[in-house]
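In the text below, chain A, chain B and the rest are named by the order of the sequence lines, each starting its count at 1. Note that the coordinates shown come from a computational prediction; the quantities given were computed from them, not determined experimentally.
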Protein chains: 2
Amino acid sequence: MNKRRAARRRGLAASDDVMWSLMQAAHAVESQLEEALAQVELSGAKLAALTQLVEAGEPVALGELAARCACVRSNITQLVDRLEADKLVRRVDDAADRRSLRAAITPLGRERQAAGAKKVDEVRRKLGKALGAIDHAALKRALSDLD
Amino acid sequence: MNKRRAARRRGLAASDDVMWSLMQAAHAVESQLEEALAQVELSGAKLAALTQLVEAGEPVALGELAARCACVRSNITQLVDRLEADKLVRRVDDAADRRSLRAAITPLGRERQAAGAKKVDEVRRKLGKALGAIDHAALKRALSDLD
DNA sequence: CGGCGTTTATTCATATATGAATAATACAGT
DNA sequence: ACTGTATTATTCATATATGAATAAACGCCG
């Protein structure tokens with residue numbers, strides 16, 4: 001009932017099928033993630049970039065960062081602008097290529113990334129519990145087939 | 001493997017769990033929807049609003065439309081601006097309340113909505129096929145528990 | 001060497017979304 | 001009837017995303 005009204009609110013169709021359930025569920029989870037991250041002054045986009053930098057272990061060229069975040073370059077330009085304003089990242093020159101700039105995470109950025117990762121984990125755990133009885137592996141397998 | 005790399009690209013966590021599968025799957029489906037809708041010069045947001053108007057069967061006040069689209073008013077203001085520019089919708093005065101404006105769908109808007117709905121249905125069908133062997137009802141039930 | 005195609009990041013225009021601040025109108029209670 | 005509160009839509013600032021156009025630097029090929 002709830003679902004049907006929500007699907008209609010979403011507006012793309014009235015019938016409530018798997019497609020809508022999927023998108024609704026994802027939406028709900030994303031909201032929870034953003035909310036949790038907001039508590040540590042992060043967004044999903046920001047955490048994603050910071051996580052890439054932490055995992056890389058060294059400054060990453062902006063184009064490379066775009067590739068790893070699966071988005072276009074102009075997006076990263078802006079995101080790094082905001083991260084720099086937040087003091088979480090610095091742009092450093094690339095000695096070998098004067099066209100290239102690298103994003104270097106700051107100590108504060110590292111801290112923030114850790115805090116964000118923790119928040120994400122909490123949501124993940126909550127989600128696991130909510131899914132309770134469901135066979136996670138089976139669900140994952142089903143979802144993986146949609147790519 | 002593929003999934004793990006993608007999750008890492010998304011960057012919020014390295015472990016590939018149900019949460020990521022869910023968001024990935026939803027993302028993939030959304031992309032397909034947007035792509036299909038682009039073929040009839042629509043976006044998901046535009047189709048959602050048009051669908052509300054068709055279903056309402058009469059001009060809808062912008063605030064009401066915002067509620068039905070589950071978004072904030074300022075968003076609808078802009079969306080209706082674009083829909084009006086596309087000649088899919090007209091703003092009409094409300095006789096009873098001079099503060100209120102209503103969105104009235106145009107004949108072209110109706111056509112476009114129908115075309116969009118058809119595209120969505122095609123994606124839905126494709127998705128159903130892709131899910132093939134999976135028990136759709138069970139999957140839906142699982143996803144519905146995440147709200 | 002020098003010119004030309006490629007690659008880098010940035011800027012700009014646009015779409016979508018949110019939330020705060022604003023202006024106009026409505027309405028309730030005195 | 002007046003005053004103050006609420007509601008309407010809009011504007012503005014911001015965040016996220018895309019894609020086209022641009023400028024700077026790289027590198028290869030002749």
May I ask you to decide whether [X] forms a salt bridge with [Y], counting only side-chain N to carboxylate O separations under 4.0 Å?
X: B:Asp86; Y: B:Lys46; result: yes
X: A:Lys126; Y: A:Glu122; result: no
X: A:Lys118; Y: A:Asp121; result: no

Please give, in whole Å, the distance from [N] [atom2] to [X] [atom1]?
X: B:Gln78; N: D:dA15; atom1: CD; atom2: P; result: 16 Å
X: B:Leu83; N: C:dA15; atom1: CG; atom2: C1'; result: 12 Å
X: A:Leu65; N: D:dT16; atom1: CG; atom2: P; result: 14 Å
X: A:Arg82; N: C:dT10; atom1: CZ; atom2: P; result: 13 Å
X: A:Glu35; N: C:dT18; atom1: CD; atom2: P; result: 14 Å
X: A:Glu84; N: C:dT10; atom1: CD; atom2: P; result: 9 Å
X: A:Lys46; N: D:dT14; atom1: NZ; atom2: P; result: 12 Å
X: A:Glu41; N: D:dA15; atom1: CD; atom2: P; result: 12 Å

### Task
State which of D:dA9, C:dT16, D:dT16 makes the closest approach to the side chain of B:Asn75.
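Nearest nucleotide to the side chain: C:dT16.
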#### Entry: Selection from D:dT10, D:dA15, D:dT18 that lies nearest to any side-chain heavy atom of B:Arg73
D:dT10
### Contact summary for B:Lys87 and B:Thr106, nearest pair of heavy atoms
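Of all heavy-atom pairs spanning B:Lys87 and B:Thr106, the closest is O-OG1, 2.8 Å.
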### Query
Are A:Leu101 and A:Val72 connected, step by step, through hydrophobic side chains (Ile, Leu, Val, Met, Phe, Trp, Tyr) whose heavy atoms are closer than 4.5 Å?
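Different hydrophobic clusters.
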### Message
Which residues in residues 86-104 of chain B have a heavy atom closer than 4.0 Å to any atom of DNA chain C?
### Response
B:Asp97, B:Arg98, B:Arg99
Just list the side-chain donor-acceptor pairs under 3.5 Å for residues 73-81 of chain A, sequence neighbours left out, or say none.
{"unit_1": "A:Thr77", "atom_1": "OG1", "unit_2": "A:Arg73", "atom_2": "O", "d": "3.3"}
{"unit_1": "A:Asp81", "atom_1": "OD1", "unit_2": "A:Arg91", "atom_2": "NH2", "d": "2.1"}

#### Entry: Value rounded to 0.5 Å, distance of CZ in B:Arg125 from CE in A:Met19
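Here the rounded value is 11.0 Å.
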### Message
Nearest heavy atom decides the nucleotide; on that basis, is A:Leu42 or B:Ser74 closer to the 5' end of DNA chain D?
### Response
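The residue closer to the strand's 5' end, by nearest nucleotide, is B:Ser74.
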